[in-house]
Chemist: 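Sharing a structure, written as structure tokens. Questions coming.
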Amino acid sequence: MSLRLQFDGLDERVWLNCAHQGPLPKPAVAAARRALDQKRSPWRIRDESFDEVPRRLKSALGRLVGVPPAEVILGNSTSYGLNLLTQGLPLRSGDEVLLIAGDFPATIYPWLPLQDRGVVVRLVEPGPEGLTAEFVDASITRATRVFCCSWVFSFTGRAIPLAAVAQVCRSRAVTFVLNCSQALGARPLDTPTAGIDALVGCGFKWLCGPYATGFAWIDPEVRETMTTPPAYWLTHQGAADVERTASYELHPVGAAAYDVFCTANFLNFPAWTASVELLVDQGIDRVAAHDQRLVQRLIDGLDESDYQLLSPRHPPERSTLVYVLHRRVPTDEVHARLSLAGVETAIRDGKLRISPHVYNEPAEIDQALDALTSEN
Ligand SMILES: Cc1ncc(COP(=O)(O)O)c(C=O)c1O
């Protein structure tokens, strides 16, 4: 069921590097072109669009993760959502934030400035079996207030046992913040039953949006504990009221208080909305099944006398990030060979990362396998 026909920019190369960036589908490109046309002739941007643009994106993201649109917080990155949490959660000196050593830097950095006010940021490293619920349970101390990690780890391709980890955090009264950037779009998520307290992610990978897009969701109970929400004038006043003498009153706006400023990001958000709608209309379960068929084909076709598979072999730990290492040939040579054959992959941590998504066809996996096996 590949969505290949909806992605018309991929004819020259085989793009097996979605963990880096996803391509824009046709409807998103059309939306971006419309936005450029509107900005060339600004009278085409209607006042109502200031409300419509964020509302439609929130609605698409709400469908994607199973939360009411009003609870979706619009951002420009994963880091945006994480910084809202690091700056807003009521963490005090002596409180501990638990993180995973080796996680992607975007998951770690936002917490580090908290050390200036005495918050302990502790990094723990799981064993070779990866992150387990038991490991999280054993790592939590009486001081732990927050546990934050990626759903799928960028440098190993391993997915965490989400439900079990969430259950541990809940039973130990620890706020669980999940970075879904390397997973959402390729794995379904039902936020209300997932047991997480906050979710952050970017739009430009598996959600096939433009760069500088992201979102967050924060459980309303957690949000209530957060200090001093930001205040953006358009959120409190509204574009239609702009001529009225300002009353400068703060209104109860809920999660919208945390939206990134200039929420009607006319160039980026309509395009991203089109991408998310395309995926959600297709059904993330179907997208995930397609992606996993491609991953299975890749793993099945790998000559393991030459290549070591480093990422998990089987679901559910297996993700759409496949890591391999040639047993004799340096990774940059293998990478260059693939590139010469028109196949785009990535090198991370000295290992080859291959990450297919919904626009890829089985024949493209075969093309990659051919290049991987040619003249060892
Ligand atoms: C796990 C993870 N989180 C976040 C990001 C990107 O972070 P941001 O959207 O803040 O630039 C990446 C990019 O590779 C990532 O792998």
Side-chain angles (χ1 to χ4, degrees), residues 15-24 57 61 64-65 72-87 97-113 123 125-126 130-131 146-160 162 165 176-187 189 196 198-218 258-261 265 268-269 271-272 275-276 291 310-312 317-323 344-357:
W15 187 250
L16 297 180
N17 197 6
C18 193
H20 167 46
Q21 290 248 3
L24 277 187
L57 178 54
L61 289 168
L64 177 71
V65 299
V72 174
I73 297 167
L74 299 181
N76 57 17
S77 56
T78 317
S79 302
Y80 177 79
L82 281 172
N83 275 280
L84 290 178
L85 290 156
T86 60
Q87 288 168 36
V97 173
L98 190 65
L99 305 173
I100 297 299
D103 206 335
F104 193 78
T107 320
I108 308 290
Y109 273 93
W111 303 99
L112 299 184
L123 274 75
E125 186 150 8
L131 187 147
V146 175
F147 174 60
C148 174
C149 74
S150 295
W151 187 3
V152 166
F153 287 110
S154 305
F155 301 128
T156 61
R158 182 178 288 273
I160 67 163
L162 185 53
V165 170
F176 180 23
V177 178
L178 183 72
N179 175 359
C180 64
S181 296
Q182 287 292 13
L184 192 68
R187 301 173 91 85
L189 177 68
I196 54 183
L199 180 68
V200 294
C202 64
F204 57 90
K205 295 179 189 289
W206 303 93
L207 295 175
C208 298
Y211 195 64
T213 51
F215 81 104
W217 168 84
I218 304 173
Y258 293 92
D259 283 341
V260 68
F261 305 147
N265 183 331
N268 264 357
F269 281 175
W272 190 27
S275 304
V276 175
D291 286 5
L310 301 173
S311 49
E317 298 81 20
R318 183 171 92 188
S319 70
T320 36
L321 282 61
V322 179
Y323 273 100
E344 298 281 348
T345 58
I347 301 178
R348 292 289 183 272
D349 247 1
K351 303 166 289 183
L352 187 74
R353 187 181 69 193
I354 307 170
S355 49
H357 196 18

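Numbering of ligands and ligand atoms starts at 1, following listing order. Residue numbers count from 1 along this sequence.
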Chemist: Starting from atom 6 (C) of ligand 1, locate the nearest protein heavy atom and write down its residue, its atom name and how far away it is, to 0.1 Å.
Modeler: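 I find the closest protein heavy atom is T78 OG1, 3.8 Å.
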Chemist: Evaluate the criterion side-chain hydrogen bond (donor to acceptor under 3.5 Å, both in side chains) for residue pair N17 and T345; output intermediate values, then yes/no.
Modeler: CA-CA 5 Å; N17 197 6; T345 58; over 6 Å; no
Chemist: Looking only at heavy atoms, is any part of S79 under 4.0 Å from ligand 1, and if so is it the side chain, the backbone, or both, or is it neither?
Modeler: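 Both backbone and side chain.
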Chemist: Check each atom of ligand 1 against the heavy atoms of Q182 and keep those under 4.0 Å away; list them by number with element.
Modeler: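 The list of qualifying atoms is 1 (C), 14 (O), 16 (O).
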Chemist: Got the closest protein heavy atom to atom 16 (O) of ligand 1, with its distance?
Modeler: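 Atom 16 (O) of ligand 1 sits closest to the protein heavy atom S154 OG, 2.6 Å.
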Chemist: Considering the heavy atoms of A106, write down every atom of ligand 1 situated less than 4.0 Å from one of them.
Modeler: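 Per the distance check, 4 (C), 7 (O).
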Chemist: Quick one: does F153 get within less than 4.0 Å of ligand 1, heavy atoms only?
Modeler: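 The answer is no: ligand 1 sits nowhere under 4.0 Å from a heavy atom of F153.
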Chemist: Taking atom types as modelled, find out whether N179 and T107 have a side-chain donor-acceptor pair closer than 3.5 angstrom.
Modeler: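 A pair is found: one side chain offers a donor N or O, the other an acceptor, under 3.5 Å apart.
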Chemist: Check the pair L310 / T156 against side-chain contact (heavy atoms from CB on, under 4.5 Å), numbers first and verdict last.
Modeler: CA-CA 7 Å; L310 301 173; T156 61; over 6 Å; no
Chemist: To the nearest 0.5 Å, how far apart are CZ in F176 and CG in L199?
Modeler: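 It is 9.5 Å, given to the nearest 0.5 Å.
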Chemist: Polar-atom distance check: T107 versus ligand 1, any N or O pair below 3.5 Å?
Modeler: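 T107 vs ligand 1: no N/O contact under 3.5 Å.
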Chemist: Can you check which of Y80, F204, F104 brings a heavy atom nearest to atom 12 (C) of ligand 1?
Modeler: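 The residue whose heavy atom sits nearest atom 12 (C) of ligand 1 is F104.
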Chemist: Checking side-chain polar atoms at under 3.5 Å, does T320 have a donor or acceptor matched by the opposite partner on S355?
Modeler: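 Looking only at side-chain atoms, S355 and T320 do not form any donor-acceptor pair under 3.5 Å.
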Chemist: What do you reckon, does G214 put a non-hydrogen atom under 4.0 Å from ligand 1?
Modeler: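 No, that is not the case, since the closest heavy atom of the residue is not under 4.0 Å from the ligand.
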Chemist: What part of N179, side chain, backbone, both or neither, has a heavy atom within less than 4.0 angstrom of ligand 1?
Modeler: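 It is the side chain that touches ligand 1; the backbone stays farther off.
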Chemist: If we only count heavy atoms from C-beta on, is the Q182 to W151 side-chain gap below 4.5 Å?
Modeler: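 SC-SC contact between Q182 and W151 ruled out.
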Chemist: Among H20, K205, R348, which one puts a heavy atom closest to atom 14 (O) of ligand 1?
Modeler: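 Result: the heavy atom closest to atom 14 (O) of ligand 1 is in K205.
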Chemist: How far does SG of C18 sit from CH2 of W206, to the nearest 0.5 angstrom?
Modeler: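 Between C18 SG and W206 CH2, I get 4.5 Å after rounding to 0.5 Å.
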